[in-house]
Protein chains: 2
Amino acid sequence: MGVSLKDVALRAGVSIKTVSNVVNDYPHVTPAMRARVQQAIDELGYRPNLTARHLRKGRTGIIALAVPELGNPYFAELAGAVIDAAARHDYTVLLDHTAGLREKEMLVSQGFRAHVIDGLILSPIELETEDLLGRTDTAPLVLLGEREYDAPYDHIAIDNVAAARSAVRHLVGMGRRRIAFLGARRESARQPAHLRLQGWREELAAAGLPYGDELVAPTGGYGRADGAQAMADLLDRGAAPDAVFAYNDLQAIGAMRVLSERGLRVPEDVAVVGFDDIEESRYGSITLTTVSPDKQAIARQAVDCVVQRLAGSPGAEPRRVRPGHDLVVRESTLGRHR
Amino acid sequence: MGVSLKDVALRAGVSIKTVSNVVNDYPHVTPAMRARVQQAIDELGYRPNLTARHLRKGRTGIIALAVPELGNPYFAELAGAVIDAAARHDYTVLLDHTAGLREKEMLVSQGFRAHVIDGLILSPIELETEDLLGRTDTAPLVLLGEREYDAPYDHIAIDNVAAARSAVRHLVGMGRRRIAFLGARRESARQPAHLRLQGWREELAAAGLPYGDELVAPTGGYGRADGAQAMADLLDRGAAPDAVFAYNDLQAIGAMRVLSERGLRVPEDVAVVGFDDIEESRYGSITLTTVSPDKQAIARQAVDCVVQRLAGSPGAEPRRVRPGHDLVVRESTLGRHR
DNA sequence: CTGAAAGCGCTAACAA
DNA sequence: TTGTTAGCGCTTTCAG
């Protein structure tokens with residue numbers, strides 16, 4: 001095995017504790033002693049065994065982040081932000097992906113990494129409230145995203161209804177009358193797109209515009225292909241929308257592709273709004289108008305929640321945090337300026 | 001703290017060892033004993049403390065993957081594949097990002113996670129051979145990507161020269177004569193784009209076409225914005241290419257955006273080829289022709305290398321693995337069929 | 001087949 | 001200011 005504190009102590013002719021003091025930058029060590037120990041450390045190439053430290057302290061300094069799919073740029077960007085936020089608190093992030101499967105989400109939330117991670121940030125899709133209520137693992141859990149749970153855990157999500165309404169309001173303001181919603185979940189007991197769908201409906205109702213089922217396009221998943229498929233379905237059944245509000249940017253991008261294949265112009269014939277503001281939406285031959293959640297804030301607050309529960313108030317009231325969001329208006333609703 | 005083996009043993013009225021045997025599925029345990037212990041485990045909600053196990057065994061079951069940037073879909077997709085590949089060997093993946101900074105890459109390769117991770121898969125950008133030669137950490141290290149090092153570590157990368165040549169050959173075959181290279185690195189001692197640039201040059205030379213510096217567009221980074229900037233520079237200085245081969249898909253996408261802003265049609269006026277085959281390249285109003293490295297194979301082989309060194313042959317010869325690649329031809333060179 | 005005891009490397013009391 | 005000692009929870013000899 002590697003060199004341990006003991007080896008260094010032996011070499012330097014001091015006690016283990018003294019070496020430990022040096023390694024941990026304890027204040028009360030004479031410079032001479034520090035130098036001597038440091039030399040032994042360097043000569044032996046000593047590196048502290050963090051596993052042993054973790055065992056002793058009961059903490060690992062690792063937070064897990066579980067997202068559905070790293071291939072979705074929204075989650076990739078979010079993960080990057082979480083890694084950075086955690087690093088500022090000297091925490092390391094272990095990344096899991098659940099593929100949005102209830103089974104994997106349960107596994108993760110139930111603590112199959114118990115004792116390896118100090119806390120967990122989970123962005124669930126199919127998880128149910130009852131799954132959460134049966135949780136026995138004691139590591140702090142922070143929930144992310146649109147789904148609402150009646151369970152005692154911190155929850156961080158933007159105001160999805162308000163965000164959706166602002167997107168639809170923008171479309172109405174641009175003179176659109178038949179505004180479709182793309183991305184309701186097909187064949188799912190619960191409806192993960194619930195809040196955005198609700199916002200869409202509320203705003204259309206307020207504007208006196210139609211919001212019937214003929215304007216709702218369900219999808220099987222959350223990717224570009226799913227958005228493309230749903231858009232094709234919508235057109236095929238003659239819904240003839242003059243605008244589409246999609247559950248997320250990937251679906252919006254898939255939809256735009258189909259529109260262009262069918263010879264429909266964006267935004268002249270059909271305006272499109274997405275949700276997430278992934279970097280991809282700022283490129284492409286038509287840039288995408290989209291709801292932009294404050295990813296930095298989401299990441300920061302999620303990590304803060306974990307850190308606070310770990311440090312001070314484990315039994316405090318569950319917090320409900322609402323980071324900000326913006327509507328970023330681009331060519332897919334505004335048209336292109338030359 | 002939580003319940004430990006001792007608590008379970010006490011409850012079941014057996015020794016610690018017996019409980020351990022049950023937990024670890026030891027063969028020689030009587031069914032009756034097993035049942036009794038299992039009941040105590042369930043009643044107490046016991047979960048093994050992996051940290052302690054790790055300390056004892058000297059292994060953690062964690063592999064680190066360090067990539068430059070999770071926001072680049074290529075790395076996000078690759079990370080997903082690595083996580084899956086690792087899971088098949090019962091390994092967990094800890095994700096780091098280096099931002100492509102030499103300093104962070106050194107930190108990671110030097111083992112600042114020593115004893116927490118069993119092995120490391122690193123995709124370096126700025127790291128130098130000498131940094132690698134000075135490495136003292138003993139965890140297996142596997143290198144990924146285009147950079148070549150004269151250091152005794154496993155290295156996994158597709159044949160970048162051949163891949164680049166196939167891309168350029170395709171452009172030549174489509175009748176293009178002034179084929180620019182986009183993405184040489186500006187202000188960098190070494191040239192990370194070296195091999196792809198070399199492939200571009202070789203193929204053009206073989207075809208008797210120009211490959212001078214006027215056709216090379218340097219970039220400051222690896223993102224869409226960098227590609228856009230470089231494309232704009234190229235056009236502004238009157239290089240007038242009829243095709244562009246970009247270092248990666250993101251740069252190609254940024255370039256296409258600029259072409260479209262300037263009123264140039266893809267591929268009629270300028271054909272574009274990328275590198276990586278990220279999912280985004282299959283969407284957009286013009287899909288992107290690109291070199292597709294076999295990400296699944298890269299991930300699998302990287303994990304295999306780590307696992308093998310961990311298991312059997314730590315001192316074996318460094319391996320040089322070349323996963324496959326394909327040229328995927330799409331609209332950005334072929335044009336659009338209706 | 002099961003029990004007792006040692007020790008992985010570290011930190012935190014407590015002593016000196 | 002530095003040394004001694006007792007575990008953190010687990011696996012692993014070695015006996016029984």
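Note that this is a predicted model, so its numbers are computed, not measured. Lettering follows sequence order; numbering is per chain, from 1.
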ask   = Using a cut-off of 4.0 Å on non-hydrogen atoms, how would the nucleic acid contact of B/Tyr26 be classed: base, sugar-phosphate, or nothing?
value = nothing

ask   = B/Lys6 has an atom NZ; how far is it from atom P of C/dA5, in whole Å?
value = 13 Å

key: Between C1' of D/dG9 and CG of B/Leu44, the distance in whole Å   = 15 Å

inquiry  = Tell me whether B/Arg34 is salt-bridged to B/Asp25, with the criterion being a basic N under 4.0 Å from an acidic carboxylate O.
reply    = yes

ask   = In whole angstrom, what separates B/Ile41's CD1 from D/dC10's C1'?
value = 14 Å

task = Take atom CG of A/Asp42 as the centre, draw a 6.0 Å sphere, and report whether it contains more than 12 heavy atoms from other residues, nucleotides or ligands.
result = yes

task = Decide if atom CD of B/Glu103 counts as having more than 12 heavy atoms of other residues, nucleotides or ligands within a radius under 6.0 Å.
result = no

Flag side-chain contact, heavy atom, 4.5 Å: A/Val303 against A/Arg88 = no

query = Would you say the side chains of A/Asn21 and A/His28 form a donor-acceptor pair under 3.5 Å?
reply = no

ask   = For B/Arg34 and C/dT2, what is the distance between atoms CZ and C1' respectively, to the nearest whole Å?
value = 13 Å

remark   = In whole angstroms, the gap separating P of D/dG9 from CG of A/Leu55 amounts to 7 Å

key: Between D/dC8 (P) and A/Asn49 (CG): distance, integer Å   = 18 Å

ask   = Nearest heavy-atom pair of B/Arg53 and B/Val23: which atoms, and what distance?
value = NH2-CG1, 3.8 Å

message = Any base atoms under 4.0 Å from B/Arg56, or only sugar-phosphate, or nothing? Heavy atoms, all strands.
response = base

ask   = Roughly how far apart are A/Ile83 CD1 and A/Leu94 CG, rounded to 0.5 Å?
value = 10.0 Å

message = What is the distance, to the nearest angstrom, from the CG atom on A/Leu10 to the P atom on C/dG9?
response = 14 Å

message = Among residues 12-25 of chain A, which ones have heavy-atom contacts with DNA chain D below 4.0 Å?
response = A/Val14, A/Ser15, A/Lys17, A/Thr18

query = Has B/Thr30 got a side-chain N or O lying under 4.0 Å from the OP1 or OP2 atom of C/dT2?
reply = yes

inquiry  = Can you measure A/His115 atom NE2 to D/dG9 atom C1' for me and round it to whole angstrom units?
reply    = 9 Å

